[in-house]
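Here's the structure, in structure tokens; my notes come after.
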Protein chains: 2
Amino acid sequence: MIYPKLAVVGCGLIGSSVIRAARAAGAVRAVAVADASAAHREQIAALGYADLVTADVAEAVRDADLVVFAVPVQAMGPAAAAAAPALKPGATVTDVGSVKVSVAEALRTAIPASIHLVPGHPIAGTEQSGPASGFAELFRGRWVILTPDADETPAYQEAVARLSDFWTALGAQVDVMDAAHHDLVLAVTSHLPHLIAYNIVGTAADMEEVTQAEVMKYSAGGFRDFTRIAASDPTMWRDIFLANKDAVLEILGRFTEDLQALSRAIRWGEGDKLFELFSRTRDIRRGIIIAGQESAEPNFGRDRTAPPPGPAGS
Amino acid sequence: MIYPKLAVVGCGLIGSSVIRAARAAGAVRAVAVADASAAHREQIAALGYADLVTADVAEAVRDADLVVFAVPVQAMGPAAAAAAPALKPGATVTDVGSVKVSVAEALRTAIPASIHLVPGHPIAGTEQSGPASGFAELFRGRWVILTPDADETPAYQEAVARLSDFWTALGAQVDVMDAAHHDLVLAVTSHLPHLIAYNIVGTAADMEEVTQAEVMKYSAGGFRDFTRIAASDPTMWRDIFLANKDAVLEILGRFTEDLQALSRAIRWGEGDKLFELFSRTRDIRRGIIIAGQESAEPNFGRDRTAPPPGPAGS
Ligand SMILES: NC(=O)c1ccc[n+]([C@@H]2O[C@H](COP(=O)([O-])OP(=O)(O)OC[C@H]3O[C@@H](n4cnc5c(N)ncnc54)[C@H](OP(=O)(O)O)[C@@H]3O)[C@@H](O)[C@H]2O)c1
Ligand SMILES: NC(=O)c1ccc[n+]([C@@H]2O[C@H](COP(=O)([O-])OP(=O)(O)OC[C@H]3O[C@@H](n4cnc5c(N)ncnc54)[C@H](OP(=O)(O)O)[C@@H]3O)[C@@H](O)[C@H]2O)c1
């Protein structure tokens, strides 16, 4: 048991996965949940993981040793403001927001100095949302990035170490970095991929010469991969792009420059340039598989029902 | 049995899947394979599906009732030229090339008029290549597009119908369309997605402020999805972009325009515009799942080992 009482504010995909995983790991004794959605509160109560489910943020966080804010990024500040008067001095407050500079600032503004604020972000999720889509294994083998303050006091350092133990108990690996660096790294590994996926699916949907039915039927040629992340929650992603505007626009600028060079190579028939890029990119996937962040199965294992290949093996 | 003798020229992922599936369906009696790679010929022989494995294209196609060219797009013309003198009059020749206008033209130039030429393209594959990566179920539930000539003679029409039966026996569904329309549709559903994936992985690899190790560790935020198709065969994809240049550049132009609008919406904080696009794109994925071209499992089923969600279930 790492924290006697856990409070989760916003209990959708991520928040509910935190309470499931914390229960499974025996990392907490009591769990209180605040959520703005009546439908979600009902689902959470039915799951049976929480001792208290309420619409009242202050009620949920009272006496909690760890408070996890798991609402959309732009809702972090208001949720923290609602919690502030009821927070227990010496408690630890963290969040799971996908952007760190602006969220950390919003939390810091709302939360009293007597509280240990340690912003965080689990690099784990799916394209679904809501409490019914959560599961205890979501964080297993994934990374959680913490972006603590420069505060060197033993009490704060102890709070960071304990939060790190909490995530480790949930199956994750923990890294610590600067919030601004987090926002740049995630602009590359998450925000730009989502932007590109939303954009290509939008472009395909707006074609006149090619029907939507054709796009769907022939999507196995590559397009369907992009539709997964383009099916992610619109509120969550609107918030992320607005909250990490500078880093996203910076990375997008580089992507566009590279794309123009690629376009020019196609136009002028420069096969060698294409071949060189297409060979280089394979190594990154190999690295991701070696880093344990992806399965090596072809097609994401979509064809998993297929029998193993013949005697010459794969 | 649909064709007494099948010859496959170029027996990698697609060619070997054709022979596996044809054997499994009992659609052919004899199988001959020609492949330029000695290592692949050894693997194909070891698989035991072929009666003859040779480097000599003419030897393989002799007496064949169906010849399937499954080499990279730019190799189709030379391979067909090598086959031409040995083709049996009245035989059917098809291909599996990812581009149709230029490939059909190359085949038509090489192949005598006494042969029924019916170009084709199975919309199925994985990011792997070579004969060891093939499997009999690859075409099950997927679409095969045929782009036959306008030839109305009964003999030609019969050849098209028989080829269609062949693919149906292998588990696929068959559509017929114009080659130019095929090239535009596939530019949207396959070629642009690959171009974008190669490009984003290249952009990420070239970052100086973010290390490759960071890109790999935190790739579960979305990036890893793109690395799958960016790990596809460089020769195959170089050929495709060069052979379908016009359609690819046209679709890329629209994509870039849309991306600029999205970029501007982020810069000016136009949350409503972002929300509107991000809501619209979800429907396309739903359509693809309904069309049977994608599994509904979150995260492509990567978390499949997770137990089903609790009582409130999804
Ligand atoms: N999904 C991912 O893959 C992922 C991964 C890593 C981090 N994150 C971050 O995790 C956070 C939550 O994402 P999620 O996917 O779990 O979202 P979600 O499934 O939509 O859950 C969010 C929950 O918070 C509730 N809520 C919204 N505003 C609130 C407020 N002011 N007070 C109390 N409850 C409120 C929502 O209710 P309503 O539905 O009524 O709004 C919903 O039940 C976001 O900050 C996101 O950036 C997400
Ligand atoms: N992969 C997909 O997802 C997919 C999907 C639909 C359609 N296609 C199309 O299918 C075709 C084959 O793709 P694939 O993925 O099966 O490729 P692959 O696994 O690389 O197989 C191609 C085979 O053809 C051999 N070859 C190359 N040139 C040859 C020649 N002139 N004569 C005889 N053999 C030759 C290659 O040998 P070397 O290795 O020595 O070159 C290799 O063994 C391409 O036209 C592609 O556009 C691919």
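Reckoned from all heavy atoms, side chains included, excluding hydrogens, waters and symmetry mates. What you see is a predicted model, and the numbers here were worked out from it, not measured in a lab. A, B, ... follow the sequence lines: proteins, then strands. Residue 1 opens every chain.
Within the 4.5 angstrom heavy-atom criterion, atoms from both the backbone and the side chain of B:E209 approach chain A. For a residue to count as touching a neighbouring chain, one of its non-hydrogen atoms must lie under 4.5 Å from one of that chain's; by this rule B:L252 touches chain A with the side chain only. Neither the backbone nor the side chain of B:D246 comes within contact range of chain A; no heavy atoms are under 4.5 Å apart. With a 4.5 Å cut-off on non-hydrogen atoms, A:L274 touches chain B through its side chain but not through its backbone. With a 4.5 Å cut-off on non-hydrogen atoms, A:F226 touches chain B through its side chain but not through its backbone. A:R280 touches chain B through its side chain: at least one heavy atom from C-beta onward sits under 4.5 Å away, while N, CA, C and O do not. For B:A24, no part lies near chain A; criterion is any non-hydrogen pair under 4.5 Å. Within the 4.5 angstrom heavy-atom criterion, atoms from both the backbone and the side chain of B:W237 approach chain A. Of the atoms belonging to A:I284, heavy atoms from both backbone and side chain fall under 4.5 Å from chain B. Both the backbone and the side chain of A:D233 come within contact range of chain B, each with at least one heavy atom under 4.5 Å from a heavy atom of that chain. Both the backbone and the side chain of A:I200 come within contact range of chain B, judged by heavy atoms closer than 4.5 Å.
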Verdict with reasoning, B:D175 to A:K217, per salt bridge (charged side-chain N to carboxylate O under 4.0 Å, His left out): CA-CA 10 Å; B:D175 259 349; A:K217 273 167 82 172; 2.7 Å; yes

Pair A:V201-B:R285, side chain to side chain contact (heavy atoms under 4.5 Å, CB included): steps then yes or no: CA-CA 9 Å; A:V201 177; B:R285 185 166 180 84; over 6 Å; no

Candidate pair B:R302 and A:T126, rule side chain to side chain contact (heavy atoms under 4.5 Å, CB included), full reasoning: CA-CA 10 Å; B:R302 278 175 181 131; A:T126 79; over 6 Å; no

Check residues 185-198 of chain A and write down every donor-acceptor pair under 3.5 Å in which the side-chain atom is one partner and the other belongs to a residue at least two apart or another chain.
residue: A:T189; atom: OG1; partner: A:V185; partner atom: O; Å: 3.2
residue: A:T189; atom: OG1; partner: B:Y218; partner atom: O; Å: 3.4
residue: A:S190; atom: OG; partner: B:G221; partner atom: O; Å: 2.8
residue: A:H191; atom: ND1; partner: A:N244; partner atom: ND2; Å: 3.1
residue: A:H191; atom: NE2; partner: A:S98; partner atom: O; Å: 3.4
residue: A:H194; atom: ND1; partner: A:S190; partner atom: O; Å: 2.9
residue: A:Y198; atom: OH; partner: A:S232; partner atom: O; Å: 3.0

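If you tally non-hydrogen atom pairs under 4.5 Å between each of A:R224, A:M216, A:R228, A:E127 and chain B, the highest count goes to A:R228. Considering only heavy-atom pairs separated by less than 4.5 Å from chain A, the leading option among B:T235, B:I290, B:V248 is B:T235. Ranked by non-hydrogen atom pairs under 4.5 Å with chain B, the options A:G222, A:G253, A:S279, A:P234 are led by A:P234. With respect to chain A, the highest number of heavy-atom pairs below 4.5 Å among B:L242, B:L138, B:T211 belongs to B:L242. Of the listed residues (B:V210, B:I229, B:I288, B:V215), the greatest number of heavy-atom pairs within a distance under 4.5 Å of chain A belongs to B:I288. Note: A:A230 leads A:A230, A:A124, A:G292, A:A291 in heavy-atom pairs under 4.5 Å with chain B. Of the listed residues (B:R267, B:E257, B:R142), the greatest number of heavy-atom pairs within a distance under 4.5 Å of chain A belongs to B:R267.
Counting non-hydrogen atoms of other residues, nucleotides and ligands closer than 6.0 Å to NZ of A:K245 gives a total above 12.
Considering OG of A:S219 and CD1 of B:I289, their distance stands at 10.0 Å, rounded to 0.5 Å. Separation of atoms CZ (A:R264) and CG (B:L249) is listed at 12.0 Å; rounding is to 0.5 Å. Here the straight-line distance linking atom CG of A:L259 with atom OG1 of B:T256 works out to 5.0 Å at 0.5 Å rounding.
Listed by first and then second residue, the ring pair (Phe, Tyr, Trp, His ring centres under 6.0 Å) pairs involving residues 244-274 of chain B amount to none (not counting sequence neighbours).
A donor-acceptor contact closer than 3.5 angstrom links the side chains of A:E214 and B:H181. Side-chain atoms of A:T203 and B:D258 include a donor-acceptor pair closer than 3.5 Å.
Heavy atoms only, all atoms of each residue included: B:A231 and A:R282 are closest at O-NE, 3.1 Å.
Side-chain contact between A:E137 and B:D303 is absent, with no heavy atoms from C-beta onward closer than 4.5 Å. Side-chain contact check for B:M207 versus A:I251: some heavy-atom pair is nearer than 4.5 Å. Counting only heavy atoms from C-beta outward, the side chains of B:T227 and A:T281 never approach each other to under 4.5 Å.
By the 6.0 Å and 45° rule, A:R238 does not stack over the aromatic ring of B:F278.
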